[in-house]
Amino acid sequence: MSRQVRVAVIGAGIGAAHVEAYCANAALYQVAVVCDLDATRATKAAVSAGATVETSYDAVLHRDDIDLIDICLPPSLHAAAIKLALRAGRHVLCEKPLVGSLREVEQIRQLAAGAGRAVIPVYQYRYGNGLARLRRLIAAGVTGKPLVASIETHWNRLPTYYEVQWRGQKATELGGAIISHAIHAHDLLTFTLGPVRRVFARLATRVNPIETEDCASIALEMSSGALVTSSVTLGSAEELSRFRFCFADLTAESPGTPPYRPAEGEWCFIPRGSRQQADIDAALRGFVPRQEGFAGLVEALHAALIGATEWPLVLQDAYQSLELISAIYYSASTGTAVELPLPPDHPVRDGWTAWLA
Ligand SMILES: NC(=O)c1ccc[n+]([C@@H]2O[C@H](COP(=O)([O-])OP(=O)(O)OC[C@H]3O[C@@H](n4cnc5c(N)ncnc54)[C@H](O)[C@@H]3O)[C@@H](O)[C@H]2O)c1
C-alpha cells in the first residue's frame, strides 16, 4: 500500500468528523470519496478534503483506487456494508456498534481472515492524553490494585434528536443508550481495568417516548475483583462523562467535560501521600501527548496499514464491547446477574435485540 492511504467515507453524519480527522493527517491520507444517499450532505463533508461525491455505495465498491472503506452508516446497515467491502478486497473501519450480534462478529472475523483484510472498530474515545497518563501509571505499577470505580454517562437528547428515523428504534438503532452512547464509557472501562466477570443491569425509558432505553443503572464486577457502578441517562440538564477510579495507591478522576471527550483534558491523580506523589511524577516524566479522538485513531491506524505496527484496534475489541452489551441487555431483561465470558451456547449470542425490554 502506498504511504498515502486512499479512503472512502460512507455516510456523512459523523462521517464528516472522520473526514476532518483524515484532513488533520493529510500526509497520511487522501479522502478520495464521500458517499451518502443525500448528495448535499456528502458534498458538504467532501469539500474541505477535495474528495469526490457519490450517492451509491455500489459505485464506490467498483472503484479500484480505494484502500480503506470507512463505514459511518446507521447501525443496522453495518454488517452488510462490511461484508461487501471485504468482498471487494478493502480494509474496513466501521463505526460503533460494529454489528448486531456476537455471531455476526464471528462471521465477519472469518470473512476478514479469508479476504486477508482488517476490520477495525471505531472506539476513538480511547485516544485521549488524560487516560493515556492513567494507563501509563497503571503500567508502571504506581496505582496499586483497583478497588472501585464509578462512571457517569449523563448526556442530553431532545425529541429533535429522534427525528432522524433510525434513532430510537430497536430494528435500526439496535438498542438505546447502552449501544449508542454508554458504549464508549464501557469500552474505556475495560480498556483501563480489564475484563468484566459479572454484570447486573436495570434499564428504563424515562426521557423520551422511544422504543429503546435511555436510562440505566449497572453494577459490574471486574475479573480483578474491582467493583464498578455505571449510571447512564440521556436526560441530564448538564452533560458530562465522568470516571472516578479508586486504586489502592491513588484515585484518578476525569474532568467530566467536555462530555464527548472524556479521555482528554486534565485528569486528576490524587496520591495517598508524598511517596505516591513522587512515584506519579516519576512515571509521568517524559510523557509525550499524542493526537486525540478520531485524529489519534486514524494516525495509529495508518501505521498499521503500512505494516509498521500492530492494528490499534481489532475485531476482538468489538467482540468484548458487544459481549458486555449483550450481557447488559440479557441481565436487564431476565433480572439476573450474567457471568462473562458468555458460553458458546448462550441465547443472547444471536443478538441482543430480542432481549430489549
Ligand atoms: N463514534 C462516535 O462518537 C459516534 C458519534 C455519532 C455516531 N456514531 C455512529 O455512526 C453511525 C452513523 O451515525 P450518524 O449520527 O452519523 O447518523 P446520521 O443519520 O446522521 O448519518 C448517517 C448517514 O448515512 C446515510 N446513509 C444511509 N443509508 C445509506 C446508504 N445505503 N448509502 C449511503 N449513505 C447512506 C444517511 O443519508 C445519513 O446521512 C452510527 O452507527 C452511530 O452509532 C458514532
Side-chain angles (χ1 to χ4, degrees), residues 8-21 33-46 51-63 69-85 88 92-100 104 119-128 153 155 157 160-188 191 212 214 234 239 241 258-264 292-298 301 312-313 317-318 321-322 325 353:
V9 175
I10 318 299
I14 197 66
H18 288 214
V19 172
E20 281 174 26
V33 55
V34 177
C35 171
D36 198 297
L37 295 176
D38 179 339
T40 310
R41 211 172 189 203
T43 305
K44 207 170 153 201
T52 58
V53 168
E54 265 297 348
T55 52
S56 154
Y57 183 39
D58 197 44
V60 174
L61 293 169
H62 279 92
R63 287 176 65 139
I69 293 191
D70 179 348
I71 297 168
C72 300
L73 296 173
S76 60
L77 304 181
H78 291 178
I82 294 170
K83 289 175 187 170
L84 287 169
V92 182
L93 182 69
C94 182
E95 264 297 352
K96 55 77 185 166
L98 188 80
V99 288
E104 275 177 325
V119 177
I120 302 103
V122 171
Y123 290 102
Q124 87 281 6
Y125 281 47
R126 289 188 180 193
Y127 292 85
T153 307
W155 294 5
R157 293 294 179 268
T160 46
Y161 175 80
Y162 296 99
E163 286 170 6
V164 176
Q165 235 178 354
W166 63 264
R167 295 187 182 135
Q169 318 259 358
K170 292 180 197 176
T172 46
E173 188 168 354
L174 308 179
I178 296 302
I179 193 75
S180 281
H181 308 92
I183 187 170
H184 292 297
H186 295 148
D187 176 65
L188 290 189
F191 187 50
T212 54
D214 54 22
L234 301 181
E239 286 206 303
S241 301
Y260 308 138
R261 313 180 74 150
E264 303 177 25
E292 300 179 303
F294 289 126
L297 191 163
V298 302
L301 174 59
L313 283 146
D317 293 302
S321 163
L322 297 181
I325 283 163
T353 51

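Keep in mind it's a predicted model, so treat the numbers as computed, not measured. As the structure lists them, so they are numbered: ligands from 1, and atoms in each ligand from 1.
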*asked:* Checking side-chain polar atoms at under 3.5 Å, does Arg157 have a donor or acceptor matched by the opposite partner on Ser180?
replied: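 The answer is no; no qualifying pair exists.
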
Could you report the tightest heavy-atom contact between [X] and [Y], atom names first, then the distance?
X	Y	answer
Pro97	His78	O-ND1, 2.7 Å
Val33	Val53	CG2-C, 4.4 Å
Val9	Cys72	CG1-SG, 4.4 Å
Gly100	Leu174	CA-CD1, 3.9 Å
Ser56	Cys35	C-SG, 3.8 Å
Thr353	Lys170	CG2-O, 3.9 Å

Within reach of ligand 1, part of [X] (heavy-atom separation under 4.0 Å):
X	value
Arg167	side chain
Thr55	neither
Val164	side chain

_Residues, nucleotides or ligands: over 12 heavy atoms within 6.0 Å of Arg261 CZ_ =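 No, because the 6.0 Å sphere around CZ of Arg261 holds 12 heavy atoms or fewer from other groups.
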
*Does NZ in Lys44 sit with more than 12 non-hydrogen atoms of other residues, nucleotides or ligands closer than 6.0 Å?*
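Atom NZ in Lys44 is not packed in, count stays at 12 or less.
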
Could you identify the single nearest non-hydrogen protein atom to [atom] and state the distance to 0.1 Å?
atom	answer
atom 30 (C) of ligand 1	Leu37 CG, 3.6 Å
atom 44 (C) of ligand 1	Glu95 OE1, 3.0 Å
atom 42 (C) of ligand 1	Lys96 O, 3.7 Å
atom 27 (C) of ligand 1	Pro74 CD, 3.9 Å
atom 21 (O) of ligand 1	Arg41 NH1, 3.3 Å

*Check for a donor-acceptor pair, side chain of Asp36 on one end and backbone N or O of Arg41 on the other, with a separation under 3.5 Å.*
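No, the answer is negative, given that no donor and acceptor are paired below the 3.5 Å cut-off.
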
Find all atoms of ligand 1 within a distance of less than 4.0 Å from any non-hydrogen atom belonging to [X], and give their numbers and elements.
X	value
His184	1 (N), 2 (C), 3 (O)
Leu77	28 (N)
Pro75	40 (C), 41 (O)
His78	41 (O)
Gln124	1 (N), 2 (C), 3 (O)

Polar-atom distance check: [X] versus ligand 1, any N or O pair below 3.5 Å?
X	value
Ser180	no
Gly11	no
Asp36	yes
Ile14	yes
Leu73	yes
Asp38	no

Looking at ligand 1, does [X] have a heavy atom less than 4.0 Å from it?
X	answer
Glu173	no
Trp166	yes
Cys72	yes

*Describe, in one word, how the ring planes of His181 and Tyr161 are oriented to each other, choosing from parallel (under 30°), tilted (30 to 60°) and perpendicular (over 60°).*
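Because their plane-to-plane angle lies in the 30° to 60° range, the rings of His181 and Tyr161 count as tilted.
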
*Do the ring planes of Phe294 and His18 sit parallel (below 30°), tilted (30 to 60°) or perpendicular (above 60°)?*
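Rings of Phe294 and His18: tilted, as their planes differ by 30° to 60°.
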
*Can you find a pair of side-chain heavy atoms, one from Ile71 and one from Leu77, that are under 4.5 Å apart?*
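No, side chains not in contact.
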
